[in-house]
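Just so we're on the same page: letters track the sequence lines, and every chain starts at 1.
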Amino acid sequence: MSVDTQAAGLAQLLLQREVEAFYTNEVELLDDRRFTEWLDLFADDARYWMPIARNVAFDRPEHEYTRERADANWFDEGKDDLTKRVQQIVGGDHWAEEPRSRTIHAVTNVNIVKAGEGELTVHSRIIVSQHRQDDDINHFVGKRIDLLRRGATLQVAHRTIYLNQSVLLAKGLTTFF
Amino acid sequence: MSVDTQAAGLAQLLLQREVEAFYTNEVELLDDRRFTEWLDLFADDARYWMPIARNVAFDRPEHEYTRERADANWFDEGKDDLTKRVQQIVGGDHWAEEPRSRTIHAVTNVNIVKAGEGELTVHSRIIVSQHRQDDDINHFVGKRIDLLRRGATLQVAHRTIYLNQSVLLAKGLTTFF
Amino acid sequence: MSVDTQAAGLAQLLLQREVEAFYTNEVELLDDRRFTEWLDLFADDARYWMPIARNVAFDRPEHEYTRERADANWFDEGKDDLTKRVQQIVGGDHWAEEPRSRTIHAVTNVNIVKAGEGELTVHSRIIVSQHRQDDDINHFVGKRIDLLRRGATLQVAHRTIYLNQSVLLAKGLTTFF
Amino acid sequence: MSIAANPAGGIVSREIFSSETLFAKELERVFAPSWAFVGHTSQLANDGDYVLSRVGQESVIVVREKGGAINVLLNSCRHRGMPVCRYDDGNASVFTCSYHGWSYDLGGGLTGVPKFNEGYRGGLDRAQWGLIKARTEIFYGSIWASFDPSAPSLEDYLGDMTLYLRDLLQGPDGEDDGYEVIGGIVKWKMPSNWKFGAENFSGDHSHYPTHLSVNRLNISLSGKAERHPFAAVKAPFKFLNIAHPGGHTVRANLYEALTPYESMWAAVPEVDAYYKEAHEARQKRLGDKARLYSRGGIVFPNMHYNTGGRTTIGIWIPVSAHETEVWRWLFVPRNAPQIVKDTLRHFYMRYAGPGGMTEQDDMENWSAAQRGTTGTWSRRHPFNYQLSPDDAHRAWPEPWLGKDVMVVAGVSEHNQRSFYTRWNELMSA
Amino acid sequence: MSIAANPAGGIVSREIFSSETLFAKELERVFAPSWAFVGHTSQLANDGDYVLSRVGQESVIVVREKGGAINVLLNSCRHRGMPVCRYDDGNASVFTCSYHGWSYDLGGGLTGVPKFNEGYRGGLDRAQWGLIKARTEIFYGSIWASFDPSAPSLEDYLGDMTLYLRDLLQGPDGEDDGYEVIGGIVKWKMPSNWKFGAENFSGDHSHYPTHLSVNRLNISLSGKAERHPFAAVKAPFKFLNIAHPGGHTVRANLYEALTPYESMWAAVPEVDAYYKEAHEARQKRLGDKARLYSRGGIVFPNMHYNTGGRTTIGIWIPVSAHETEVWRWLFVPRNAPQIVKDTLRHFYMRYAGPGGMTEQDDMENWSAAQRGTTGTWSRRHPFNYQLSPDDAHRAWPEPWLGKDVMVVAGVSEHNQRSFYTRWNELMSA
Amino acid sequence: MSIAANPAGGIVSREIFSSETLFAKELERVFAPSWAFVGHTSQLANDGDYVLSRVGQESVIVVREKGGAINVLLNSCRHRGMPVCRYDDGNASVFTCSYHGWSYDLGGGLTGVPKFNEGYRGGLDRAQWGLIKARTEIFYGSIWASFDPSAPSLEDYLGDMTLYLRDLLQGPDGEDDGYEVIGGIVKWKMPSNWKFGAENFSGDHSHYPTHLSVNRLNISLSGKAERHPFAAVKAPFKFLNIAHPGGHTVRANLYEALTPYESMWAAVPEVDAYYKEAHEARQKRLGDKARLYSRGGIVFPNMHYNTGGRTTIGIWIPVSAHETEVWRWLFVPRNAPQIVKDTLRHFYMRYAGPGGMTEQDDMENWSAAQRGTTGTWSRRHPFNYQLSPDDAHRAWPEPWLGKDVMVVAGVSEHNQRSFYTRWNELMSA
Ligand code: FES
Ligand code: FES
Ligand code: FES
Ligand SMILES: [Fe+3]
Ligand SMILES: [Fe+3]
Ligand SMILES: [Fe+3]
């Protein structure tokens with residue numbers, strides 16, 4: 001390898017590590033319930049979108065998930081909404097999270113599909129295990145597409161979460177993805 | 001670190017990254033249903049083998065999984081067979097996949113156990129979550145052993161998938177592993 | 001990047017890789033039932049602790065998990081105990097593991113939160129899928145905090161495993177975490 | 001025999017929430033003879049458009065045939081039971097079964113049978129083997145179905161409830177059929193009996209401790225505290241619990257007078273402007289009856305709705321005594337500016353359903369309360385619905401509210417008592 | 001009382017697929033008095049070899065004792081019910097219970113009881129407390145068991161079916177006991193009633209829409225279109241639906257004449273050559289009866305088999321009304337070259353079971369149809385089995401097909417009607 | 001009618017372990033009229049301290065009110081069934097329901113009802129709508145509850161069992177109320193009927209094949225082989241199976257004489273020293289009765305305990321015929337040095353529960369045996385409990401063991417026969 005090739009390879013590895021570390025830090029904040037710090041990972045104008053899945057014919061894949069800013073979705077909101085959700089949980093009077101969930105989030109297969117000047121497009125998988133009380137248990141598995149903005153630190157500018165479920169098998173989406 | 005040690009370390013990291021990126025790309029192709037591109041990841045003479053597990057005594061571990069090219073297996077086939085399976089799904093008349101599954105594959109713990117001249121032996125874990133309709137749901141977890149061939153790109157020359165289940169808890173193995 | 005920055009970046013990447021490889025090796029040993037080799041990954045004075053979770057009010061998070069060396073725990077023991085557990089399994093007369101479990105362990109989101117002189121503090125997630133007979137199936141998901149000691153090789157000096165479950169949904173904890 | 005104990009007296013047995021035997025009986029006695037909401041005409045823009053829905057537990061195809069008529073067909077092949085339609089929605093000219101290929105037209109007629117001549121040789125009367133077709137009626141855009149040939153007409157089934165259902169489907173400006181459904185029916189499962197949902201929507205006005213957190217956070221867009229936009233209105237009104245003999249119930253404000261618009265959507269001025277204009281148009285259109293401001297209610301047994309900025313219709317699909325599937329259709333005013341539609345859509349998503357900050361806590365309580373219905377000792381002690389007893393007035397305070405409705409003003413469990421009384425009639429017959 | 005409605009007339013109640021009460025009754029009335037296929041002698045090469053199998057829902061040990069006799073033992077300790085054998089297969093000289101150590105010999109005899117003398121002090125008659133032993137019979141290599149002392153002999157139970165079962169177990173060259181089982185019993189669960197599988201194997205010839213995709217892809221190895229190798233044969237034949245009074249059924253081609261081999265395995269010349277030779281040997285060995293080419297069938301109630309290049313025997317294990325466990329034994333001709341064995345093994349794996357491109361779509365349909373059996377309205381409408389009615393001939397077209405068989409030629413639901421008629425006799429008695 | 005067949009004769013029907021109908025009857029006949037262990041006073045150090053527990057399947061709040069009295073309250077709001085306490089433990093002065101806000105004091109009294117005056121207008125008698133309160137008794141630190149007003153007093157319920165329960169709760173030095181509970185109740189689920197656990201603790205001394213592996217590994221801390229510390233003691237004794245007419249049973253060693261301490265904890269000298277001292281103190285305190293060394297037993301129906309270095313009390317919570325939730329309280333001698341507490345804690349964790357090397361194998365066997373209770377054929381064959389029949393002596397070998405106890409010495413299934421005999425009395429009445 002030439003020195004230049006080495007430098008390029010190293011830079012690529014460091015970027016990959018930076019993004020993976022970002023996500024690992026994120027899941028630690030969530031599982032440690034450090035929600036306010038978690039909010040800091042989002043840009044002020046960030047969007048958080050989780051569409052609803054439909055069962056459609058093979059020739060209508062574009063109709064499989066509901067549309068952002070147009071259809072009903074599980075989530076289609078901004079940082080102010082996320083902030084309200086956090087404020088709801090921490091008050092001790094949000095019964096669906098009182099007693100609180102014990103969650104474990106795992107992120108895998110981090111894929112930087114586009115590394116632009118100030119932004120990265122990153123795909124990943126997220127596995128979420130949520131337990132409350134003795135038997136209020138949810139397992140979610142999702143595909144995530146993030147637009148990460150590069151500044152002093154990385155920040156989520158836009159997040160898309162695709163769940164597999166069409167009929168949601170949970171009475172509440174009280175964790176974050 | 002000497003420059004040489006550094007170079008060796010970097011080369012090892014780049015190889016690890018290359019293989020992890022290969023697998024991440026693979027799961028993205030599968031979950032995006034880009035099956036034809038997925039087939040391109042397999043060498044023309046590739047083998048795809050998933051044995052059946054038996055419950056055996058502690059002193060007969062060699063009898064725990066059925067044998068390749070000898071016994072009944074869940075899969076024991078070549079690229080032509082995989083190609084037929086893909087052709088079956090994309091036609092819109094393979095009812096077990098119509099409407100299509102929504103799948104999420106995650107690959108973890110990629111372990112390059114042997115890096116030969118033209119081939120790599122790589123172990124990994126694969127976690128598969130498959131949803132169809134409202135409640136046709138499968139979860140598979142597997143141990144994988146791949147022989148990857150190095151050419152212009154990596155290609156799977158041989159894949160082994162060990163599932164934990166002995167009695168399969170699914171009516172159809174209509175996703176890939 | 002300056003050469004020094006490069007070197008520092010590379011060193012950080014190599015450390016990350018070393019720790020990830022350590023865990024990947026560990027899960028392969030477990031899933032291949034090479035338990036004696038697995039024991040070698042633990043320091044002689046290692047502690048292995050898995051507390052019990054309680055459902056508590058939002059303002060008593062410190063009471064959520066039972067205390068090490070004080071309360072009832074799922075595990076709170078040393079290497080001699082782990083050794084006895086291994087000796088129990090390999091004998092063929094430990095009925096809860098005869099026939100043996102088929103397990104798959106996956107470790108994700110390895111986070112070196114502190115890299116001291118001789119020790120690393122590392123967080124990770126562990127996903128465990130355990131199958132025995134036809135339908136004796138457990139799924140565990142855990143958060144792990146390890147103290148790794150650096151010598152000729154890494155060794156676990158202290159391991160904490162947090163499960164989400166309060167009432168354990170398994171009749172036996174016969175695998176390792 | 002009274003299965004529900006004494007619902008009129010506010011005493012309801014816990015067993016009706018947990019017994020699987022009673023649940024099976026409910027399907028026959030409560031669900032089978034009723035009319036079911038299955039969708040809205042705005043979901044079917046073109047001939048051939050279809051959408052899957054549910055009547056009780058049954059999967060049905062709601063389809064618009066050539067010429068625009070809407071049919072509701074049982075989604076089960078008459079040959080061997082296979083669902084003939086396997087997609088949540090789409091456009092079709094025929095439903096062909098994937099098992100043995102019987103095919104049905106959009107009216108359910110069995111038009112195609114492989115080997116019809118040489119195999120069945122005249123022994124199969126196709127007219128007898130079409131898809132089971134429900135009686136279907138359209139009411140101001142809403143689509144209703146019943147498989148019971150002896151059920152009354154939809155209008156008779158609804159009785160005075162027609163007023164409130166029509167009102168629900170009128171735009172904010174009072175124009176009939178003024179709403180459209182947005183894309184994506186919200187569907188989920190919850191671990192509680194369907195009646196916990198039904199009684200809540202029928203009028204559980206004392207459950208505000210459930211919503212302490214959202215009240216604290218002011219999730220309404222009124223710019224004021226509270227979670228409901230209409231809570232910002234200060235004009236004097238009576239809060240009415242309106243119960244129908246058929247088991248339907250309504251929660252509504254009856255304002256003392258026609259008053260000018262008061263800001264309810266201050267957080268989004270364009271929306272506020274739209275509602276102001278609509279408010280005035282509605283008063284013009286409806287006159288004195290515009291004093292009625294519905295908040296929600298139910299059509300017996302399992303259709304439920306909310307208004308007041310959360311215009312939605314839902315159904316509780318009974319899965320078992322202990323599990324319910326919920327479907328929700330989100331409505332926006334058909335002719336409103338896009339920003340109004342977007343704001344309402346967003347408000348709903350943050351308010352209701354599994355992602356909704358408000359309903360998450362409802363469902364937490366319903367599913368926890370569900371466990372209190374099974375215990376050896378606890379099930380010997382009935383539930384209490386005695387809040388504000390013995391004070392219902394017929395056709396009151398305005399006769400146009402319905403000649404048969406029994407009304408209580410203020411916070412009360414009157415509507416719930418009425419719901420269980422009707423339920424008990426059907427179950428104990 | 002007729003539980004299944006009118007199966008002879010092609011009308012079958014949906015409830016028999018979904019009622020757990022009827023399911024419990026099935027175990028007693030349909031499964032308990034029957035003979036069960038439990039395995040094949042090729043699985044037990046040596047004395048002491050054993051393999052776990054099932055009789056109805058019960059776990060049984062199929063074991064070869066010293067001297068070669070095969071026993072079928074209920075895998076449940078007489079002391080406290082523990083399975084005394086916990087491995088899918090192995091070799092043993094004794095089964096020792098891991099709970100309190102009672103031990104049994106390979107004939108089920110209770111030979112070891114801790115504290116037998118000082119504890120039981122003569123109060124335990126070991127002869128009365130051995131493992132429950134089934135009546136066991138071997139039929140051309142296949143192993144059968146029944147726990148019912150009043151069941152007829154296996155031969156009487158099979159009746160004319162002996163012809164077809166013997167035929168199944170003859171190699172392609174017509175030699176008796178010509179098959180062996182390959183390693184690995186294929187086991188899985190499916191969310192449908194076991195009778196959907198049973199009726200399919202009994203002869204559901206009109207379900208080709210299920211298999212549009214594999215027909216399109218030509219998964220046979222004949223080098224021609226279609227999924228079955230034998231579809232390549234052009235010699236004229238009658239397709240027969242052969243029903244036995246005991247509920248057994250057979251699907252078979254009866255060729256009009258003994259004709260030369262036509263290529264069915266062109267994709268693998270060595271295999272084609274093997275089958276050509278076998279074809280000729282079979283004609284020589286069987287003479288005119290070689291015109292019979294079986295395609296599959298069932299031994300009542302839950303043993304099912306396929307031939308025609310997919311030689312397999314399976315059982316539907318009833319788990320509940322809504323769930324079935326399936327086991328499949330894969331057979332290859334004992335004396336064929338390895339390439340023939342490999343090709344057949346590979347053909348099966350791609351064809352059948354959860355990994356099989358063909359049966360995946362069968363099971364999708366069965367499990368979807370299962371949901372059509374529970375609905376409030378849909379279950380009031382029976383299934384239809386009226387394809388090709390009223391045209392069965394006894395012992396036809398050749399008397400050697402069986403003196404009691406009722407046969408219909410061509411695509412028909414005759415076999416299914418016969419299956420449910422037998423089922424109904426047992427259930428309605 | 002005898003539901004359990006002939007338990008006194010050692011013959012017990014398998015159906016009592018698998019029938020959901022019998023399970024439902026058990027809750028009424030066996031659990032409802034009994035007294036339940038719900039906790040220990042050391043869990044409630046301060047006024048207002050509470051902990052959730054279970055009576056049968058029911059969730060109960062065990063709470064210490066101002067002044068120290070302990071109440072056991074059904075954790076189900078009288079309004080609509082919601083659990084009023086949602087935390088495993090804590091400190092409270094009032095329990096306020098999160099659904100509609102009814103609030104209860106620590107005695108269960110309904111003290112707060114929103115809209116009490118203007119809504120209920122005198123129609124709600126709060127005295128009638130408090131939390132259901134159990135009869136509660138404290139016995140040497142252990143807390144017991146019964147919801148059955150017609151149950152006898154706890155003392156009468158226990159009968160001679162008071163001796164053994166008091167003994168259990170005495171410290172190793174024989175001092176009354178000598179134990180405290182350590183933090184963390186161990187809770188898990190197991191897939192078997194609760195009676196497999198109950199009969200095991202009642203005295204299943206012949207199940208040592210279950211524990212071959214731990215015996216091989218010497219997990220006791222005696223420094224000698226075997227898994228029990230007390231196995232190291234060589235002084236001669238009779239092993240007694242002590243059965244009470246109320247269904248309670250005890251396993252105990254009765255030493256022939258008061259003998260000096262023999263080392264049982266050689267692996268930890270400080271612990272050995274502690275036990276030596278305690279041994280001597282106990283002899284001094286109890287005199288001849290110190291010859292009794294309890295090993296474990298049950299209070300009918302579902303409280304179970306072990307002693308001998310594993311001092312724990314547990315309950316089998318009946319979930320269904322096929323599932324049981326287990327709770328275990330771990331006890332250490334209140335006044336022992338920390339190292340003794342730590343050693344016992346560690347010994348327990350490695351011995352019992354899902355993490356315990358010993359009990360893992362018990363539960364494996366119970367859950368495997370559970371499957372032997374459902375099969376068509378296997379359930380026709382009863383279980384056998386005939387070990388050491390017909391040799392029970394009343395109040396023997398010492399009259400102070402209890403005037404009504406029936407005792408057998410040596411390995412026997414006497415206690416199990418007694419347990420099922422009592423169970424059968426209640427169920428067959
Ligand atoms: S089930 Fe529809 S055609 Fe047979
Ligand atoms: S259960 Fe087999 S010996 Fe006791
Ligand atoms: S349920 Fe407790 S106050 Fe209503
Ligand atoms: Fe609410
Ligand atoms: Fe088929
Ligand atoms: Fe034991």
Side-chain angles (χ1 to χ4, degrees), chain B residues 1-17 19-20 51-65 105-113 121-129 138-145 161-169 177, chain C residues 3 6-18 20-34 88-95 97-110 124-141 175:
Chain B
M1 271 190 292
S2 76
V3 171
D4 277 5
T5 317
Q6 283 193 351
L10 181 58
Q12 182 223 344
L13 291 174
L14 286 168
L15 178 64
Q16 179 75 23
R17 178 88 279 274
V19 174
E20 290 185 359
I52 296 174
R54 297 185 189 93
N55 297 293
V56 297
F58 75 106
D59 55 3
R60 297 176 75 215
E62 75 290 349
H63 187 66
E64 189 167 23
Y65 283 95
H105 291 69
V107 176
T108 74
N109 297 92
V110 171
N111 192 8
I112 304 172
V113 296
T121 303
V122 184
H123 295 189
S124 60
R125 271 87 181 107
I126 182 150
I127 298 169
V128 183
S129 170
N138 294 313
H139 293 289
F140 302 105
V141 183
K143 241 180 344 187
R144 234 166 41 174
I145 301 180
I161 311 117
Y162 294 100
L163 290 190
N164 283 341
Q165 308 178 15
S166 50
V167 173
L168 192 81
L169 302 173
F177 294 88
Chain C
V3 171
Q6 284 192 350
L10 181 60
Q12 182 221 345
L13 292 174
L14 286 168
L15 178 63
Q16 179 75 22
R17 178 89 278 275
E18 181 186 2
E20 292 185 359
F22 177 80
Y23 286 132
T24 290
N25 179 50
E26 177 177 8
V27 295
E28 298 238 29
L29 293 177
L30 284 174
D31 296 341
D32 292 347
R33 303 182 186 127
R34 292 156 64 188
Q88 187 181 27
I89 292 176
V90 299
D93 53 1
H94 179 23
W95 311 121
E97 274 292 321
E98 186 57 29
R100 305 260 185 98
S101 297
R102 285 176 294 278
T103 63
I104 294 178
H105 291 69
V107 176
T108 74
N109 296 92
V110 171
S124 60
R125 272 84 182 109
I126 183 150
I127 299 169
V128 182
S129 170
Q130 181 183 30
H131 286 243
R132 272 188 72 245
Q133 298 283 29
D134 293 344
D135 51 8
D136 188 356
I137 299 172
N138 295 313
H139 292 289
F140 301 105
V141 183
T175 187

Could you check B/E64 against C/R102 for side-chain contact (heavy atoms from CB on, under 4.5 Å), going step by step and ending with a plain yes or no? CA-CA 10 Å; B/E64 189 167 23; C/R102 285 176 294 278; 3.2 Å; yes
Side chain, backbone, both or neither: which part of C/S129 has a heavy atom under 4.5 Å from chain B? both
How about C/D135 and B/V167: do any of their side-chain heavy atoms sit closer than 4.5 Å? no
Is it the backbone or the side chain of C/I127 that comes under 4.5 Å from a heavy atom of chain B, or both, or neither? side chain
Chain B contacts, top residue of C/S101, C/A21, C/A106 (heavy-atom pairs, under 4.5 Å): C/A106
Give a yes or no on whether a salt bridge exists between B/K143 and C/E28, defined as a side-chain N under 4.0 angstrom from a carboxylate O. no
Can you tell me if C/E98 uses its side chain to pair, donor with acceptor, with the backbone of B/F58 under 3.5 Å? yes
Applying a strict 4.5 Å limit to non-hydrogen atoms, the region of B/R54 in contact with chain C is backbone
Reported CG-to-NE2 distance for the pair C/D32 and B/H123, which is rounded to 0.5 angstrom: 7.5 Å
Pairwise side-chain contact, B/N55 with C/D134, heavy-atom cut-off 4.5 Å (strictly under): yes
Kindly write out the residues that satisfy ring pair (Phe, Tyr, Trp, His ring centres under 6.0 Å) with C/F22, not counting sequence neighbours, or none if the list is empty. none
Would you say that B/I126 contacts C/I104 through its side chain, given a criterion of any heavy-atom pair below 4.5 Å between the two side chains? no
Counting only N and O atoms by type, is there a donor-acceptor contact under 3.5 Å from the side chain of B/R125 to the main-chain atoms of C/V27? yes
Portion of B/Y65 that has a non-hydrogen atom of chain C nearer than 4.5 angstrom: side chain
About how many Å separate OG of B/S166 and NE2 of C/H131, when rounded to the nearest 0.5 Å? 9.0 Å
Go through the steps for C/T24 and B/T108 under the test side-chain contact (heavy atoms from CB on, under 4.5 Å), then give the verdict. CA-CA 9 Å; C/T24 290; B/T108 74; over 6 Å; no
C/Q130 side chain near B/N164 side chain, heavy-atom distance below 4.5 Å: no
When the 4.5 angstrom heavy-atom criterion is applied to B/V141 and chain C, the contacting part is both
Taking salt bridge (charged side-chain N to carboxylate O under 4.0 Å, His left out) as the definition, give me every residue that meets it alongside C/D136, ordered by chain and number, with sequence neighbours left out. C/R132, C/K171
Highest number of heavy-atom pairs under 4.5 Å with chain C: which of B/L169, B/V110, B/N109? B/N109
Answer key: most heavy-atom pairs under 4.5 Å with chain C among B/N111, B/L163, B/L168 is B/N111
Candidate pair C/E20 and B/Q16, rule side-chain contact (heavy atoms from CB on, under 4.5 Å), full reasoning: CA-CA 11 Å; C/E20 292 185 359; B/Q16 179 75 23; 6.0 Å; no
